[in-house]
Amino acid sequence: MHEYGNIKIMAPVKTIAMRRLQVAKCLPIPYAEKLKQFLDLNDDRVSMWNGEHCAVIRDDILALLNEGGVSRQVVDSFFEILNDDQIGIPKDQLKYGFMLTFAWGMHYTLLVFNKQSGWWEHYNTLQTKLNMYVDPYFEEAKKLHVKISDYFKHMKDSISRKLNENSICKHIIHDDIEFLMWLRQTNVEYPLKANISCSQQFPNIYDCGVVMMYIAQKKAEGELVKGVFSTRAMKNMRAHVLCKFINEGVGSWEKEE
């Protein structure tokens, strides 16, 4: 349905032949059926998934299904879900932190903080060949890295002052105290390095956002990131992302009875 002033016009119903799409074939049948019901609504006002900070709409779902470039809200929504999945993990077992970058013609890259090595790694699937030129994506990542470092330093200075005030401690929950003490005792000026072994994509393929979600998912699960981003792996990852949006508790769309 589309609205023009006070006039509401029903848009033509566009049915989606789900099982003809390669990504849809990777979905469990119940998930594919639910997704088809959502798409057949043909209503741009309805979201497939709603989070605290972002939402996934019909066009986002179609881009994932049709192997097109994914929007920033799709990637942000996936990272919000990934973050929620990690909340239950003990803090001493968390090894990585993630920060997405976005620049230069809708190309996504990823900053990964490695707690064990003590530095940020930059993952870019379109690296400049042979280091003949300055990598514009790494230059953008460096700007973000400076902002992150400045924020951590500000937080550390502020927390150090507040923790010296004993009266504030009784208002802080145990988990927050652990984080604050870690921040107070840690050198937060972590260096930034380019991951030169990051696998590369073909320049004309719109998989950069999917690859960044794939890397973050594998890192979060403690698995090694494979050296080749195969076409099959990207189709499976798109299906995995769709499954997250289709079946993610109260945030996922449900058909009205």
Geometric class of the W120/H145 ring pair [parallel <30°, tilted 30-60°, perpendicular >60°] | perpendicular
Heavy atoms, side chains only, cut-off 4.5 Å: are Q37 and W253 in contact?
-> yes
Test side-chain contact (heavy atoms from CB on, under 4.5 Å) applied to I246 and S252, step by step = CA-CA 6 Å; I246 294 167; S252 296; 5.7 Å; no
Between the main-chain N or O of R45 and the side-chain N or O of R58, is there a donor-acceptor pair closer than 3.5 Å?
-> no
Name all residues meeting the salt bridge (Lys or Arg N to Asp or Glu O under 4.0 Å) criterion together with D59; count only those two or more places apart in sequence or in a different chain, and write none if there are none.
-> none
Can V146 be reached from Y137 by stepping across I, L, V, M, F, W or Y side chains whose heavy atoms are under 4.5 Å apart?
-> no
Might you work through the side-chain contact (heavy atoms from CB on, under 4.5 Å) test for H240 and K244, ending with a clear yes or no?
-> CA-CA 6 Å; H240 174 76; K244 286 290 188 182; 3.8 Å; yes
Where at least one partner belongs to residues 228-237, residue pairs that pass salt bridge (Lys or Arg N to Asp or Glu O under 4.0 Å), sequence neighbours excluded | E67-K235
Which heavy-atom pair separates L110 from M212 by the least distance, and what is that distance?
-> CB-SD, 3.3 Å
Is a donor on one side and an acceptor on the other found under 3.5 Å between the side chain of K218 and the backbone of M213?
-> no
Distance in Å, F245 CZ paired with L35 CG, rounded so as to fall on 0.5 Å steps = 11.0 Å
Can you tell me how far SG of C243 sits from NZ of K34, rounded to the nearest 0.5 angstrom?
-> 10.5 Å
When rounded to the nearest 0.5 angstrom, what is the spacing between CD in Q22 and CG in N236?
-> 11.0 Å
List in chain and number order the residues that pass side chain to side chain contact (heavy atoms under 4.5 Å, CB included) with E52, two or more places apart in sequence or in another chain; answer none if no residue qualifies.
-> E80
Can you check whether D207's main-chain N or O pairs, donor with acceptor, with Y108's side chain at less than 3.5 Å?
-> no
Go through Y31 and L242 one step at a time and tell me if the side-chain contact (heavy atoms from CB on, under 4.5 Å) criterion holds.
-> CA-CA 9 Å; Y31 283 46; L242 286 168; over 6 Å; no
Salt-bridge criterion met for D150 and K147 (N-O under 4.0 Å) = no
Compare every heavy atom of G69 with every heavy atom of A63, then report the nearest pair and how far apart it is.
-> CB-O, 3.6 Å
Using salt bridge (Lys or Arg N to Asp or Glu O under 4.0 Å) as the criterion, list what pairs up with K25, not counting sequence neighbours.
-> none
Name all residues meeting the side chain to side chain contact (heavy atoms under 4.5 Å, CB included) criterion together with K193; count only those two or more places apart in sequence or in a different chain, and write none if there are none.
-> W119
Correct closest heavy-atom pair for Q73 and S77 would be O-OG, 2.6 Å
Considering residues at least two apart in sequence or located in another chain, which fulfil the salt bridge (Lys or Arg N to Asp or Glu O under 4.0 Å) criterion with D60?
-> none
Answer yes or no: is there a donor N or O on one side and an acceptor on the other, between the side chain of E256 and the main chain of E254, under 3.5 Å?
-> no
Would you say K255's side chain and F38's backbone share a donor-acceptor pair under 3.5 angstrom?
-> no
Any idea which heavy atoms bring I57 and S47 closest together, and the distance?
-> CG2-OG, 4.0 Å
Distance only, no hydrogens: is a donor on one side chain within 3.5 Å (strictly under) of an acceptor on the other, for K219 and Y123?
-> yes
Under the 3.5 angstrom rule, does the side chain of Q217 hit a backbone N or O of M237 as a donor-acceptor pair?
-> no
Gap separating the CG atom of L27 from the CG atom of L21, nearest 0.5 angstrom | 9.5 Å
Of all the heavy-atom pairs spanning I215 and C198, show the shortest one and how long it is.
-> CD1-SG, 4.5 Å
Chi angles and distances behind the side-chain contact (heavy atoms from CB on, under 4.5 Å) call for L126, T109 = CA-CA 9 Å; L126 289 178; T109 67; over 6 Å; no
Within the distance-only criterion (no hydrogens, no angle test), does the side chain of S230 pair as donor or acceptor with the backbone N or O of A233 below 3.5 angstrom?
-> yes
Can you tell me how far the CG atom of N124 sits from the CD1 atom of I196, to the nearest 0.5 Å?
-> 13.0 Å
Is the backbone N or O of N66 less than 3.5 Å from a side-chain atom of R238, with the two atoms forming a donor-acceptor pair by type?
-> no
Are V70 and V210 close enough that some pair of their side-chain heavy atoms sits under 4.5 Å apart?
-> yes
Contact check, side chains of E121 and L111, non-hydrogen atoms, under 4.5 Å | no
Minimum heavy-atom distance A55-N50, with the two atoms named | CB-OD1, 3.3 Å
Could you tell me whether K36 and E33 make a salt bridge, using a distance below 4.0 angstrom between a side-chain N and a carboxylate O?
-> no
Take H122 and D135, measure what side chain to side chain donor-acceptor pair (under 3.5 Å) needs, and give me the verdict at the end.
-> CA-CA 11 Å; H122 181 235; D135 183 348; 5.1 Å; no
